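Since the structure is predicted, the reported quantities are computational estimates derived from the model, not experimental observations. Each chain gets a letter, A, B and so on, in the order the sequences are listed, and its residues count up from 1.
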Number of protein chains: 2
Amino acid sequence: MTYVEKLGALRELMKKEGLDAYIVLTSDAHATEYLPEYWQCRTWLSGFTGSAGAMVVTLDDAQLWADGRYWIQGEMELQGSTIQLQKMGMDGVPSLQEWVKDKLPENGTVGIDGRTISVELFRTYQKEFKKKKLNVRLGIDLIDMIWKDRPPFPDGKAYENDIKFAGKTRQEKLKSVREKMKKEGADCYLLASLDDIAWLYNYRGTDTPNMPTIYAYTFITHSDVCLFTDEKKLGELKSVLIKDGIQIKDYQEILTFLKSNSIKGNIFIDPNRINACLHEAIPENLTVFEGQEIVAWLKSQKNNVEIENLKRCHARECSAVAKFIKWVKEAVNNKEVIDESDIHDKVDEFRKSLENYICASFTSIAAYMANAALMHYHPEKGKCAKLEPKGFLLVDTGGQYHDGTTDLTRTIVLGDVSSEMKKDFTLTLKSHIRLFMAKFLYGTAGINLDILARYPMWENGMDYKCGTGHGVGYCLNVHESPPSIRYNPLPAALIKLEEGMTLTNEPGVYKEGKWGVRTENTMLTVKDFTNSDGTFMKFEAISYCPIDYRAIDKSLLSDCEIKWLNDYHAKTYETLSPFMNDEEKAWLKEETREI
Amino acid sequence: MTYVEKLGALRELMKKEGLDAYIVLTSDAHATEYLPEYWQCRTWLSGFTGSAGAMVVTLDDAQLWADGRYWIQGEMELQGSTIQLQKMGMDGVPSLQEWVKDKLPENGTVGIDGRTISVELFRTYQKEFKKKKLNVRLGIDLIDMIWKDRPPFPDGKAYENDIKFAGKTRQEKLKSVREKMKKEGADCYLLASLDDIAWLYNYRGTDTPNMPTIYAYTFITHSDVCLFTDEKKLGELKSVLIKDGIQIKDYQEILTFLKSNSIKGNIFIDPNRINACLHEAIPENLTVFEGQEIVAWLKSQKNNVEIENLKRCHARECSAVAKFIKWVKEAVNNKEVIDESDIHDKVDEFRKSLENYICASFTSIAAYMANAALMHYHPEKGKCAKLEPKGFLLVDTGGQYHDGTTDLTRTIVLGDVSSEMKKDFTLTLKSHIRLFMAKFLYGTAGINLDILARYPMWENGMDYKCGTGHGVGYCLNVHESPPSIRYNPLPAALIKLEEGMTLTNEPGVYKEGKWGVRTENTMLTVKDFTNSDGTFMKFEAISYCPIDYRAIDKSLLSDCEIKWLNDYHAKTYETLSPFMNDEEKAWLKEETREI
């Protein structure tokens, strides 16, 4: 089927169902970031392959909203589809919900697969839709009816996450959850996010790309626990879970279970992580209490076992990235033909034999010079740039290990760099160091700290169009929320930073048509000291990998910042040299020399 | 009646009404900050005179919640009343709503005068109360039934705020309000905050202390406008308003008007500024749309006429404060006997003959040495400190003028100061300057900027337990919201900073038993420049008054910070000298000399 034919088939169904518009979002029923093919309805319908985007089809129109990362790619991929690109965030571009409200007649009807929209996003839509008294139908998946060769629902398997990795038992975690439920006044708690559930029950799985989880829901009361999943996924884990007091019900039973639930009292949900269909199924005997996901908050505070594992895991990962850097510099220098699309596999080659390695935590971004100005560029074989012995190569890469998840970016100097490039590299480094050196009172959230990194950019009339940092999972999602370091008030950026939270620190400079620079490490939040004014917190580095001194303009750094870098590099040598042979050690010594 | 007798009478009524608890808040029906005596129910019932605090009476208990400013004062004033002080914010102290939930039996009944609680605060209470299924009755003012000599409801008068002060006509303002209503999808808009209504209809009045307004509500649709007030307050203004298309209805009619309203559509309210009784009266034919007050947001962006007036008004005010500083330094040096409680009147003496002056915008805080460590200390004649020719005197003062509202704090050196005092003074100045020098992308909110001022404190293991800055009204409330500069996520701190917003900048150091330092100026938000990365904003000073160089340790300031101060002082001389005679000018020259 061509995209035009798909739209035609969809419109036929819409007419039958009496819909004036049908919205197709990029999500599964669990707000999962990396989707298996089964859930890639938007890509199937539009041909647009970006990782985010939302689509509206009316009887005579079709529009796709994509953010700044995807404007160029979107224009290209939508050619010939009759679908128009809406450049989200550009001045004068309406939001999807505004567009729908303006387009549809009063009392019109909109359809959405309510599993793919969070309660909170649905409210944002409804606020706009109400202005024109639009009706919404949530319970319909029209794509499923026209997608004849839809891939099967993932049939991955779950496996035990050993206590030596988890650090806490299921029972200990459930106890903490129930304590927090009690504090929130919740009699029961509905949870749908796959990584939260995997963390809680100490399993990992193979359903979802880049994140080792399986499809599941869970429902927790103060006496019972129910895990909803396909029991074929559990295998021998099933009896282990049952022995630990966890009842197993089928994945498909969740809605009927909820609807028929006769418990009286309060149910806790996170409206950003529970989909609109689940919400609709909550019976009237339960009063909904909303808040930020309890399990996500507990999971974000890594325990001591996890922290020690993370440090070891990052050391291994960084040794692989360092070896890759050595390799790529030498290969380019030796005039080997390498293009950007070779790099993901090459980095993976360096890490795949490492202890506890599972898979990449995302597809590496490898972007040479101007391509790196496209913030989330993904090279395509044959269409991408070849590396030359000059300028910057930006590599953003990460791995899943049984003992941690990694995310690291280095901007690698392949040869000559101009003074403007050095200035941008050094400003990025200054931003990075300023955030790393932060001392802050307990109670501070990511939204307060963002400016520490961003300020050197703003002082120079520049800005990077993304957050400064995100939470990092532990053998789970590489983008974990909370926490978040950004200046706009997303819930994860408003959460207080707690001991044990791990975050990236990734400021950058992105100059269209020229180059992109980003330096990214993972940091751990720790207590510094307590006095009569309160408890002060600080960050510690978890990832140690050389930052290319060849692009540093030392005159732009303060003495404190230079000292931070020299200390960081000394620790980098100490951390990575045990993974290296003599030749590699000599190289690392040079890369981590004092400036 | 003694306080014990008042509680007894209240409990008798509670029994009759079947109430297990009765809550008395510090508010009127409009969330006004400075209350006329009629509305001071909590003070009347408890004897506690602080400006904030909430009280719960049960049949066998009475508790009063006060924040850190009032712990010492609260303990003293509550002696013998049988009322216990709850130190809000202290570790282990429950919130009012938690305490009520724990204290009352399941299905118990709570009474509140629903006019004195905002929709939002009421929700916070309800969330807790629901955990024990408590019932709440909102429509009862029990205090009124036992307060036999309750002062009469304010009978102040309104008067036209001339266009030369307002800068925009009522019609222009209503047009902007309706445009924003349209954008929000609102068919009508209910507004209760007295300063917002006074701004919208270009009047001022004499009902409320420190803020020139009258008691009123307003209801706006796209075709009609209704002002609810006592028409005796309006006098000749009544016909002016009617000519401008504003219908006048009696203040008391608001609830019946709302309840009987047959308009179908959406009603816009700000749940932080509309009280629970008003909310309850909204009929079912109206769908409630909630958001931040439209008028408050428009009012916060001062127009060009207001800005030019503000600059002139602040110049006059600052000349008075400068003359006061000269006087107090000389008087103390000449061994005159002055105590803290003399200062409010003395400052007022310097400003009362100035053009356009109305009244003080709040009771001045005058605090010598250790008293200044109590952040909102108010001296009482006979019980307060006498000034000595050494150490710090902190004076925080402000005035209402027809062309503006002012708020300024100076920490005045009366004689010798130690090196620790100089360090604290200079760190405060550094914080103040850092925020003043901020360059920030449009889209930034106060919550993002707070750390610029707070960081020099945190780096030194210190913190001030209050926000860094608040919005300032224009011949209205000295504490205007939005905007707000603070690190906790109050709605006003999450609002983007817009051109024309005026804010205070007031970091400080407060050392219990030693001294307090605060330096406060008012700033204007302006556009700096626009480039491909966005529009960058900055602050400009509006208030110019000497900052005491005698307590500055220059070695703690950077070159940029020293330059900022010298430029500020040069502009201070230029701004204030026209108000001064030769002797005063010579003094000012010395006070504003370069460091």
Identify which part of [X] has an atom lying under 4.5 Å from any heavy atom of chain B, answering side chain, backbone, both or neither.
X       : answer
K511(A) : neither
A186(A) : neither
S532(A) : neither
F536(A) : side chain
Y464(A) : neither
K496(A) : neither
D450(A) : neither
I451(A) : side chain
K132(A) : neither

Expected output: side-chain [X] to main-chain [Y] donor-acceptor under 3.5 Å:
X       : Y       : answer
E561(B) : I433(B) : no
S431(A) : A453(A) : yes
N266(A) : D187(A) : no

Hey, is [X] close enough to [Y] for a salt bridge, meaning N to O under 4.0 Å?
X       : Y       : value
E506(A) : R518(A) : yes
K101(A) : E98(A)  : no
K182(A) : E179(A) : no
E184(B) : K180(B) : yes

What residue, out of [options], has the most heavy-atom pairs lying under 4.5 Å from chain B?
options                   : result
P489(A), G534(A), G461(A) : G461(A)
L494(A), L449(A), L441(A) : L441(A)
N448(A), D528(A), I447(A) : N448(A)

Quick check on Y510(B) against chain A: is it the side chain, the backbone, both or neither that has a heavy atom closer than 4.5 Å?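 No part of Y510(B) comes within 4.5 Å of chain A.
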Measure distances from K183(B) to the heavy atoms of chain A and classify the residue's part below 4.5 Å as side chain, backbone, both or neither.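 Only the backbone of K183(B) comes within 4.5 Å of chain A.
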Between atom NZ of K563(B) and atom OG of S558(B), what is the distance when rounded to the nearest 0.5 Å?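 It comes to 11.5 Å.
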Would you mind telling me which of F436(B), W564(B), F440(B) makes a ring pair (Phe, Tyr, Trp, His ring centres under 6.0 Å) with F539(B)?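 That would be F440(B); it is the only one of F436(B), W564(B), F440(B) passing the ring pair (Phe, Tyr, Trp, His ring centres under 6.0 Å) with F539(B).
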Classify the ring geometry between F129(A) and Y125(A) as parallel (under 30°), tilted (30 to 60°) or perpendicular (over 60°).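 Geometry flag for Y125(A) against F129(A): tilted rings.
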Among [options], single out the residue with the greatest number of heavy-atom pairs under 4.5 Å to chain A.
options                            : value
E459(B), M462(B), R454(B)          : M462(B)
K439(B), K130(B), E128(B), M437(B) : K439(B)
N531(B), T444(B), D463(B)          : D463(B)

Determine the sole option in L121(A), V288(A), V119(A) for which the side chain to side chain contact (heavy atoms under 4.5 Å, CB included) test with P271(A) is passed.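 Only one of L121(A), V288(A), V119(A) forms a side chain to side chain contact (heavy atoms under 4.5 Å, CB included) with P271(A), namely V119(A).
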